[in-house]
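Notes for the one structure printed next.
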There are 2 protein chains.
Amino acid sequence: MRWEELDQQPCSLARTLSVVGDRWTLLILRDCFLGVRRFETFERRLGITRHVLTDRLKKLVEHGVLYKSAYQERPRREEYRLTGKGLDLYTVILALVNWGDKHMADDRGAPVKHIHKACGHAMHPQMVCSECGEPITARDIRVEAGDGWQDRAPLVGSDRS
Amino acid sequence: MRWEELDQQPCSLARTLSVVGDRWTLLILRDCFLGVRRFETFERRLGITRHVLTDRLKKLVEHGVLYKSAYQERPRREEYRLTGKGLDLYTVILALVNWGDKHMADDRGAPVKHIHKACGHAMHPQMVCSECGEPITARDIRVEAGDGWQDRAPLVGSDRS
DNA sequence: TTAATGAGTTCCAAAAAAGAACCTACAAAA
DNA sequence: TTTTGTAGGTTCTTTTTTGGAACTCATTAA
């Protein structure tokens with residue numbers, strides 16, 4: 001399968017990855033959440049090549065994750081800011097960071113602390129069921145074909161013993 | 001910055017992406033969570049080339065996300081299964097799927113429903129604060145340098161108005 | 001007049017992915 | 001006994017994507 005066909009799959013993971021599933025996009029978005037808005041700042045902080053940065057920012061704008069807004073005329077200068085759709089990616093980044101804190105940290109511990117403004121504590125994200133509020137792990141969930149699945153092959157293969 | 005240097009950054013997101021941040025790895029893991037365990041099944045379901053699949057499975061085993069276990073001798077056949085570290089990636093996948101369900105679904109709605117076995121409802125994941133249990137959005141969190149940050153540059157740039 | 005700045009674009013070399021064919025050890029079928 | 005099939009790869013060639021550096025353009029600052 002070619003990468004461009006990914007967004008046509010009846011799979012929300014595949015569709016999401018068609019937007020953020022490359023090597024650089026989520027790092028760019030991390031910086032967006034830290035307040036970075038300008039081309040040159042992204043470039044300097046990430047060590048990304050200008051060509052790739054141009055391409056990724058353009059794609060994020062096309063997908064409605066970022067929008068451009070002028071912060072100065074003559075010469076015109078634009079900055080990149082998160083849309084509502086982009087802000088919704090925060091849970092994705094937090095989930096990735098949380099896994100890295102737990103499984104990839106060196107002996108000095110997590111590099112960044114997340115403080116919940118409302119309660120004032122250093123927090124880590126917990127995923128709970130929207131219906132009953134209980135914490136979720138992989139074993140707690142069963143999948144079923146939904147409306148967008150249509151008449152396709154069964155969801156699961158037969159490798160499971 | 002070269003991709004191989006990514007895991008040395010003092011950033012848990014960068015370190016996590018050094019494991020799962022390429023085009024195919026999270027799709028492979030999605031299938032693992034659906035019960036797929038064999039080389040040939042991954043290949044057929046994903047339409048991935050054998051070369052890339054071999055490489056990704058090897059890396060996931062090296063990182064302790066999957067492990068190989070023989071399900072048959074003579075001829076020896078091995079299958080790939082999630083470790084505890086791998087199972088912990090479930091929240092990441094669920095967060096990505098949830099974003100896709102909300103922002104990338106076509107008019108037929110979500111392709112896959114997630115049923116919480118304990119309460120029996122179709123759920124979507126909700127991220128809450130580990131300390132106070134309140135739901136989290138991007139605006140609710142402030143970052144601070146943690147122990148693993150050491151004496152580096154300030155976390156945030158100055159683009160924020 | 002020269003230099004600097006921000007946000008790119010252009011060009012070339014290197015690396016990674018796509019696609020197809022080939023390999024190996026065994027088993028079952030004709 | 002030769003052929004066919006299978007699981008899990010490896011090898012080869014072509015295409016696509018990155019990395020890295022240099023160049024552009026409009027405007028302001030020294």
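These figures come from a predicted structure and were not determined experimentally. Chain letters run A, B, ... following the sequence lines, proteins first, then strands; residues in each count from 1.
- Note on B:Arg56: only backbone sugar-phosphate atoms sit closer than 4.0 angstrom, heavy atoms only; bases stay farther off.
- As rounded to whole Å, 9 Å separates atom P of D:dT17 from atom CG of A:Asp55.
- Remark: P of C:dA16 and CZ of B:Arg50 are 22 Å apart, rounded to the nearest angstrom.
- Taking only distance into account, the side chain of A:Arg38 never meets the base of C:dG6 through a donor-acceptor pair shorter than 3.5 Å.
- Of the charged side-chain nitrogens involved, none lies within less than 4.0 Å of a carboxylate oxygen, so that B:Asp31 and B:Arg44 do not count as a salt-bridged pair.
- Residue A:Gln72 is out of contact with every strand shown, counting any heavy-atom pair closer than 4.0 Å.
- For B:Arg76 against C:dA25, a side-chain-to-base donor-acceptor contact under 3.5 Å is absent.
- B:Arg77 contributes no side-chain N or O that forms a donor-acceptor pair with the base of D:dG8 under 3.5 Å.
- As judged by a 4.0 angstrom heavy-atom cut-off over every strand, B:Lys58 is placed among residues making no nucleic acid contact.
- The neighbour count for B:Asp147 CG, taken as heavy atoms of other residues, nucleotides or ligands under 6.0 Å away, does not exceed 12.
- Among the atoms of the strands shown, only primed sugar atoms or phosphate atoms (P, OP1, OP2) are found under 4.0 Å from some heavy atom of A:Arg23.
- Across all strands shown, B:Phe42 has no heavy atoms under 4.0 Å from either base or sugar-phosphate atoms.
- Residues A:Pro75 and A:Lys68 both approach DNA chain C. Their nearest nucleotides, taken by heavy-atom distance, put A:Pro75 toward the 5′ side.
- Across all strands, B:Glu43 comes closer than 4.0 Å to no nucleic acid atom at all (heavy-atom distances).
- In this structure, B:Tyr80 does not reach the D:dA7 phosphate: none of its side-chain N or O atoms is under 4.0 Å from OP1 or OP2.
- Following rounding to the nearest Å, B:His51 (NE2) and C:dA16 (P) show an atom-to-atom distance of 10 Å.
- The residues B:Arg142 and B:Glu144 are annotated as salt-bridged, a charged nitrogen and a carboxylate oxygen being separated by less than 4.0 angstrom.
- In this structure, A:Tyr71 places its OH atom 6 Å from C1' of C:dG6, rounding to the nearest Å.
- For the pair B:Asp22 CG and C:dA17 C1', the interatomic distance rounds to 11 Å; values are reported in whole Å.
- Between A:Leu96 and the options B:Val19, B:Thr16, B:Leu96, a side-chain contact (heavy atoms from CB on, under 4.5 Å) holds for only B:Thr16.
- Among D:dT18, C:dG6, C:dG8, the nucleotide with an atom closest to any side-chain atom of A:Val52 is D:dT18.
- Out of C:dG8, D:dG20, C:dG6, the shortest distance to the side chain of A:Thr49 is found at D:dG20.
- We find the NE2-NZ distance between A:His103 and B:Lys85 to be 7.0 Å, quoted to the nearest 0.5 Å.
- Both the sub-6.0 Å distance and the 45° axial angle are not jointly satisfied by A:Arg56 relative to the ring of A:Phe42.
- Taking atom CD1 on A:Ile48 and atom C1' on C:dG8, their separation rounds to 14 Å, with Å as the unit.
- Protein atom CZ of B:Arg37 is 17 Å distant from nucleotide atom C1' of D:dA7, rounded to whole Å.
- Atom CZ of B:Arg44 is separated from atom P of D:dG8 by 11 Å (rounded to the nearest Å).
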